[in-house]
Number of protein chains: 2
Amino acid sequence: MTSSRSPDPSPGGTRWLDAEEQKAWRAYLFGSQLLLDRLDRELTSATGISHAYYEILVQLSETPGRALRMSELADRCLSSRSRLSHAVSRLEERGWVRRQVCPEDGRGQLAVLTDEGFAALEAAAHVHVESVRTHLFDQLSPEQVASIRDVGETLLRHLDPR
Amino acid sequence: MTSSRSPDPSPGGTRWLDAEEQKAWRAYLFGSQLLLDRLDRELTSATGISHAYYEILVQLSETPGRALRMSELADRCLSSRSRLSHAVSRLEERGWVRRQVCPEDGRGQLAVLTDEGFAALEAAAHVHVESVRTHLFDQLSPEQVASIRDVGETLLRHLDPR
DNA sequence: AGAGCGTAGTTGAAGGCTTGACTATTCCGC
DNA sequence: GCGGAATAGTCAAGCCTTCAACTACGCTCT
């Protein structure tokens with residue numbers, strides 16, 4: 001019910017979506033859900049690493065020293081502190097990440113990527129990148145690629161103005 | 001690690017993303033995650049209905065008779081059968097949906113939207129549509145709206161060719 | 001009619017995520 | 001330095017999702 005009623009003229013009333021807006025919204029919503037779902041499934045079934053965990057490993061691997069404060073890591077992964085804390089515990093059990101007290105701030109913890117973690121990431125990256133190419137870039141024209149970037153950046157500025 | 005190495009020339013090797021592709025992919029990924037997250041939070045905190053439940057109610061409300069077979073409903077909501085079955089049970093507890101044996105096929109069940117369910121949906125729709133407008137349509141130009149529809153439909157054709 | 005197979009849907013256990021409370025540490029103004 | 005506010009991170013309870021049985025029904029071939 002992003003509804004089929006006519007636009008509400010009264011100020012303060014809900015600004016309903018017209019038929020074209022609804023089609024755009026539905027296509028965007030279902031398209032991205034389906035894509036994200038598919039990528040997550042392919043990665044998980046091939047490597048045992050969910051996309052959320054993959055993202056954590058990626059962020060660590062791209063940082064000099066392969067270490068980040070827990071909250072910095074949470075921010076970069078669009079994750080809550082609590083969720084990240086749980087996830088790092090599980091990655092620790094697998095031997096891919098190690099916790100370490102932060103030298104500069106005794107309150108803080110560093111999550112450090114281990115060599116095993118880096119190796120696991122490297123293996124997973126092949127699978128994941130291939131999926132992204134198959135299901136996204138192979139489907140889109142250069143103009144479409146430019147526009148998803150443009151829209152993505154627009155939404156980021158609005159929703160996550162660092 | 002959608003990585004910074006150079007494109008792999010060997011056939012059969014992973015077709016890595018170049019820098020531009022990575023930026024597009026990251027922007028798309030983070031932008032849609034942030035948007036979907038935000039919409040879900042606003043809807044849930046204002047109405048107690050998660051976006052997943054909202055989708056179920058919408059699909060039922062848009063069907064003549066406000067009733068659908070469980071598997072048809074699952075497909076339309078991009079949900080697994082099991083997940084939908086659990087969700088419908090919870091919606092039943094709230095009195096918003098009712099199960100009914102399917103007349104034509106004794107194996108089947110119909111999920112039927114109750115009047116209370118329809119009323120709850122109507123209330124939630126105001127909140128949700130306002131969020132979608134604020135965080136999506138108010139941010140995008142008409143060209144950008146056209147392109148999210150175009151990309152969405154392209155991905156749908158590839159990932160969900162009914 | 002009945003055996004066998006496929007389809008529809010449910011269930012329960014296991015594990016992940018969210019919320020909110022809690023501990024520990026640091027920062028800041030006096 | 002010292003007391004209070006702020007920050008970092010963890011933990012427990014409850015809900016949601018997934019996976020793998022499992023039940024029930026219908027269809028077809030004999």
Side-chain angles (χ1 to χ4, degrees), chain A residues 33-34 36-46 48-57 60 67-94 96-112, chain B residues 33-34 36-57 59-60 67-94 96-112:
Chain A
Q33 282 189 174
L34 237 24
L36 268 27
D37 241 61
R38 180 70 164 261
L39 296 178
D40 190 34
R41 275 170 202 288
E42 291 188 356
L43 184 60
T44 305
S45 71
I49 307 179
S50 70
H51 194 267
Y53 287 20
Y54 181 82
E55 194 62 43
I56 294 172
L57 300 179
L60 289 174
L68 278 171
R69 292 287 294 265
M70 293 294 282
S71 26
E72 177 63 23
L73 184 53
D75 289 347
R76 294 195 189 188
C77 295
L78 307 182
S79 171
S80 69
R81 315 267 155 121
S82 169
R83 181 186 179 192
L84 181 75
S85 183
H86 286 295
V88 166
S89 300
R90 278 171 251 123
L91 290 172
E92 239 180 335
E93 287 165 17
R94 297 193 195 184
W96 293 347
V97 170
R98 180 162 50 74
R99 269 181 239 247
Q100 184 182 302
V101 180
C102 177
E104 294 103 38
D105 185 340
R107 294 170 299 182
Q109 293 272 105
L110 288 173
V112 187
Chain B
Q33 281 189 176
L34 236 26
L36 268 26
D37 240 62
R38 180 70 165 261
L39 296 177
D40 190 34
R41 275 170 202 287
E42 291 187 356
L43 183 60
T44 304
S45 71
T47 69
I49 307 179
S50 70
H51 194 267
Y53 286 21
Y54 180 82
E55 195 62 43
I56 293 171
L57 301 179
Q59 294 297 342
L60 289 175
L68 278 172
R69 291 286 294 266
M70 293 296 282
S71 25
E72 177 63 24
L73 184 53
D75 289 347
R76 295 196 191 188
C77 295
L78 308 181
S79 171
S80 70
R81 314 266 153 121
S82 168
R83 180 187 178 192
L84 181 75
S85 183
H86 286 295
V88 165
S89 301
R90 280 170 251 124
L91 290 172
E92 238 179 338
E93 286 166 17
R94 297 193 194 185
W96 293 348
V97 169
R98 181 163 50 73
R99 268 182 240 246
Q100 184 182 301
V101 181
C102 177
E104 295 104 37
D105 186 340
R107 293 169 300 181
Q109 292 275 106
L110 288 172
V112 187

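No hydrogens, no waters, no symmetry mates; every other heavy atom, side chains included, goes into these values. This is a predicted model, so every value here is computed, not measured. Order of the sequence lines sets the chain letters (A, B, ...), proteins ahead of strands, with each chain counted from 1.
- Proximity of a side-chain donor or acceptor of B/Glu92 to a complementary backbone N or O of B/Arg99 within less than 3.5 Å is detected.
- For D/dT7, neither phosphate oxygen OP1 nor OP2 lies less than 4.0 angstrom from any side-chain nitrogen or oxygen of A/Arg107.
- Whole-Å rounding puts the B/Met70 CE to C/dT7 P distance at 19 Å.
- When each of A/Ser82 and A/Gly106 is assigned the nucleotide of DNA chain C with its nearest heavy atom, A/Ser82 is the one assigned upstream, toward the 5' end.
- Phosphate proximity of D/dT17 to B/Ser80: absent, as no side-chain N or O sits under 4.0 Å from OP1 or OP2.
- For the pair B/Arg81 and C/dT10, the criterion of a side-chain N or O lying under 4.0 Å from OP1 or OP2 is not met.
- One can place CG of B/Leu73 at 15 Å from C1' of C/dT10, the figure rounded to the nearest angstrom.
- In this structure, B/Arg90 reaches the bases: a heavy-atom distance under 4.0 Å links it to at least one base atom across the strands shown.
- Heavy atoms only, all atoms of each residue included: A/Arg69 and A/Leu110 are closest at N-CD2, 3.7 Å.
- Distance CG (A/Leu78) to C1' (C/dC17): 15 Å, rounded to an integer number of Å.
- The separation between A/Glu72 atom CD and D/dG9 atom P is 10 Å, rounded to whole Å.
- Closest to the side chain of B/Gln109, from the set C/dT25, D/dG26, C/dT10, is C/dT10.
- Taking atom CZ on B/Arg83 and atom P on D/dA20, their separation rounds to 18 Å, with Å as the unit.
- Around the CZ atom of A/Arg41, the shell of radius 6.0 Å holds no more than 12 heavy atoms that belong to other residues, nucleotides or ligands.
- Separating the CD atom of B/Gln100 from the P atom of C/dA8 is a distance of 19 Å, rounded to the nearest angstrom.
- When the nearest nucleotides of DNA chain C are assigned to A/Glu104 and B/Ser85 by heavy-atom distance, the more 5′-ward of the two goes with B/Ser85.
- Annotation: side chain of B/Leu43 is not in contact with side chain of B/Ser50 (no heavy-atom distance under 4.5 Å).
- Judged by atom type and distance alone, B/His86 reaches the base of C/dG12 through a side-chain donor-acceptor pair under 3.5 Å.
- Considering only the side chain of B/Arg69, C/dA8 comes nearest among C/dA8, C/dT26, D/dA8.
- Nearer to the 5' terminus of DNA chain D, by closest-nucleotide assignment, is the contact made by A/Gly108 (compared with the other of A/Arg41 and A/Gly108).
- The CG-C1' distance, from B/Asp37 to C/dT18, rounds to 12 Å in whole Å.
- The shortest distance between side-chain heavy atoms of A/Ile49 and A/Trp96 falls below 4.5 Å.
- Note: CG (B/Leu68) to C1' (C/dA8) measures 15 Å, nearest angstrom.
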